[in-house]
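Encoded as structure tokens, the structure appears first; notes follow it.
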There are 2 protein chains.
Amino acid sequence: MMYSIGETARRIGVNPSTLRYYDKEGLLPSVQRSSGGVRMFTENDFTWLRLIGCLKATGLPIKEIRQYILWLQQGDATLEKRRDMFYKQKAAVEEQMAELQRALDAVTYKCWLYDKAVEAGSEKVIRNIDPADIPEDIRKLRTNSGVYQDVDGLS
Amino acid sequence: MMYSIGETARRIGVNPSTLRYYDKEGLLPSVQRSSGGVRMFTENDFTWLRLIGCLKATGLPIKEIRQYILWLQQGDATLEKRRDMFYKQKAAVEEQMAELQRALDAVTYKCWLYDKAVEAGSEKVIRNIDPADIPEDIRKLRTNSGVYQDVDGLS
DNA sequence: ATGATAGTTAAAGTCAACTTTAAATTGGAA
DNA sequence: TTCCAATTTAAAGTTGACTTTAACTATCAT
């Protein structure tokens, strides 16, 4: 079964022009063409696009995905390079997760503060708040994320 | 204690020109100036910059951070808007975490595959691999991330 | 066979978030 | 006081990842 660029884009959740852009950048070396030059995608291409999606989600630039493809095409001689790329990216994601967790802690802390403020109808109750008035679990977020004693007083 | 833009940039881990850019975009409304016009940062500004860092890490655009500051300056009337912003961002981060976890699963699976391939010195061993030969925990990653039966055969 | 719909390319445009440049000014050490 | 590194501004440049445009072509249902 073959799929048009429009159908593929719809199923993967991107703009058709994004797929053309990826193709131009060498990210879709295995997509076939009809006799008239129209791209025809297979389920296998969808899997490949899902991998591209994962790699992009990890922040890997398109140029490095391209490099991976070039290594793929060189066969067994580049196995280590490809393995190293994935290990490097794994470490990168783990660091991103930690950073995102810190950001989440900060935001969660702010949610707690603003719940207090909205409840009281005023910022006053949270300006220069006494740490003893903050529940243990929320206080941990504040410490962990380094976001307190704000310039705006919403500490 | 006051700090120069250079010292501040060094401590926060950004380029001094980034701080000037943030200032120009209205993200640093509380940074003081010397009589000669030179910016002077305080510990409080560092805390504020750390919050900006967290918000940026969650993908919040600079324009929306600016909006938050405008709301801050309007006082209690905008408490709900600010609370809602943080709750919306909290949900956004939780979704980002889930996506990043999916990407991590895919990358971890690829690490396992390439370890096998490097060990054998060839891609052959992992091309069209029998799912029964994949340990349960690794097979879960493959399923979870949707990245298998690749165009490159490194399924 | 024809016309609508969806595809093709190359090239230019957009956007966010910086980064660099140039020319002038500030501020602390000698 | 003089000097030099660091600062200032406005404006232009950069980067990555698309997105749009224009002009043309393919495919498919009637």
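Atoms considered below: every heavy atom in the structure, side chains included; atoms not considered: hydrogens, waters and symmetry mates. Residue numbering restarts at 1 for every chain, and letters A, B, ... go by the order of the sequence lines.
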Positions of residues 57-67 of chain B (non-hydrogen atom under 4.0 Å from DNA chain C), listed by number: B:P61, B:I62
Output one line per pair: protein atom, nucleotide atom from nucleotides 4-12 of chain C, and distance, for all N/O pairs under 3.5 Å.
unit_1: C:dG7; atom_1: OP1; unit_2: A:S4; atom_2: OG; d: 2.9
unit_1: C:dG7; atom_1: OP1; unit_2: A:G6; atom_2: N; d: 2.8
unit_1: C:dT8; atom_1: OP1; unit_2: A:R39; atom_2: N; d: 2.9
unit_1: C:dT8; atom_1: OP1; unit_2: A:R39; atom_2: NH1; d: 2.7
unit_1: C:dT8; atom_1: OP2; unit_2: A:R20; atom_2: NE; d: 2.7
unit_1: C:dT8; atom_1: OP2; unit_2: A:R20; atom_2: NH2; d: 3.0
unit_1: C:dT8; atom_1: OP2; unit_2: A:R39; atom_2: NH1; d: 3.2
unit_1: C:dT8; atom_1: O3'; unit_2: A:R33; atom_2: NH1; d: 3.4
unit_1: C:dT9; atom_1: OP1; unit_2: A:R33; atom_2: NH1; d: 3.2
unit_1: C:dT9; atom_1: OP1; unit_2: A:R33; atom_2: NH2; d: 3.0
unit_1: C:dT9; atom_1: OP1; unit_2: A:R39; atom_2: NH2; d: 3.4
unit_1: C:dT9; atom_1: OP2; unit_2: A:R39; atom_2: NH1; d: 3.2
unit_1: C:dT9; atom_1: OP2; unit_2: A:R39; atom_2: NH2; d: 2.7

By side-chain contact (heavy atoms from CB on, under 4.5 Å) - contacts of B:R11 (at least two apart): B:Y3, B:E7, B:E43, B:F46
Pairwise N/O distances under 3.5 Å, protein to nucleotides 28-30 of chain C:
none

Sugar-phosphate only, base, or nothing, as touched by B:T18 at under 4.0 Å among non-hydrogen atoms: sugar-phosphate
Difference in axis direction between the ends of the helix from C:dA1-D:dT30 to C:dA30-D:dT1, five pairs, 10°: 10°
Listed once per pair and sorted, the ring-ring contact (aromatic ring centres under 6.0 Å, His included) pairs that draw on residues 80-99 of chain B, sequence neighbours left out: A:Y114-B:F86, B:Y68-B:F86
Atom pairs and distances, side-chain donor-acceptor, residues 51-63 of chain A, under 3.5 Å, sequence neighbours left out:
unit_1: A:T58; atom_1: OG1; unit_2: A:L55; atom_2: O; d: 2.6
unit_1: A:T58; atom_1: OG1; unit_2: A:Q89; atom_2: NE2; d: 3.0

DNA chain D contacts made by residues 85-106 of chain B, counting heavy atoms under 4.0 Å: none
Any B:K24 side-chain heavy atom under 4.5 Å of B:R20 side chain: no
Whole-Å gap separating P (D:dC18) and CD1 (A:I52): 10 Å
Residues that A:S122 engages under side chain to side chain donor-acceptor pair (under 3.5 Å), provided they are two or more places apart: B:D76
SB check A:R139 A:E136 (cutoff 4.0 Å): yes
Trace of the side-chain contact (heavy atoms from CB on, under 4.5 Å) decision for B:T42 with B:M2: CA-CA 5 Å; B:T42 63; B:M2 299 286 207; 3.5 Å; yes
A:Y21: ring-ring contact (aromatic ring centres under 6.0 Å, His included) partners, not counting sequence neighbours: none
Salt-bridge present (B:D23, B:R33; N to O < 4.0 Å): yes
d(CG, B:L27; P, C:dA16) in whole Å: 14 Å
Side-chain H-bond candidate by donor/acceptor type, B:R50 with B:T47, under 3.5 Å: yes
Qualifying residues under side chain to side chain donor-acceptor pair (under 3.5 Å), relative to B:R83, sequence neighbours excluded: none
Short side-chain N/O contact from A:Y22 to OP1 or OP2 of D:dC18, under 4.0 Å: yes
Partner set under side-chain contact (heavy atoms from CB on, under 4.5 Å) for A:D133, not counting sequence neighbours: A:D130
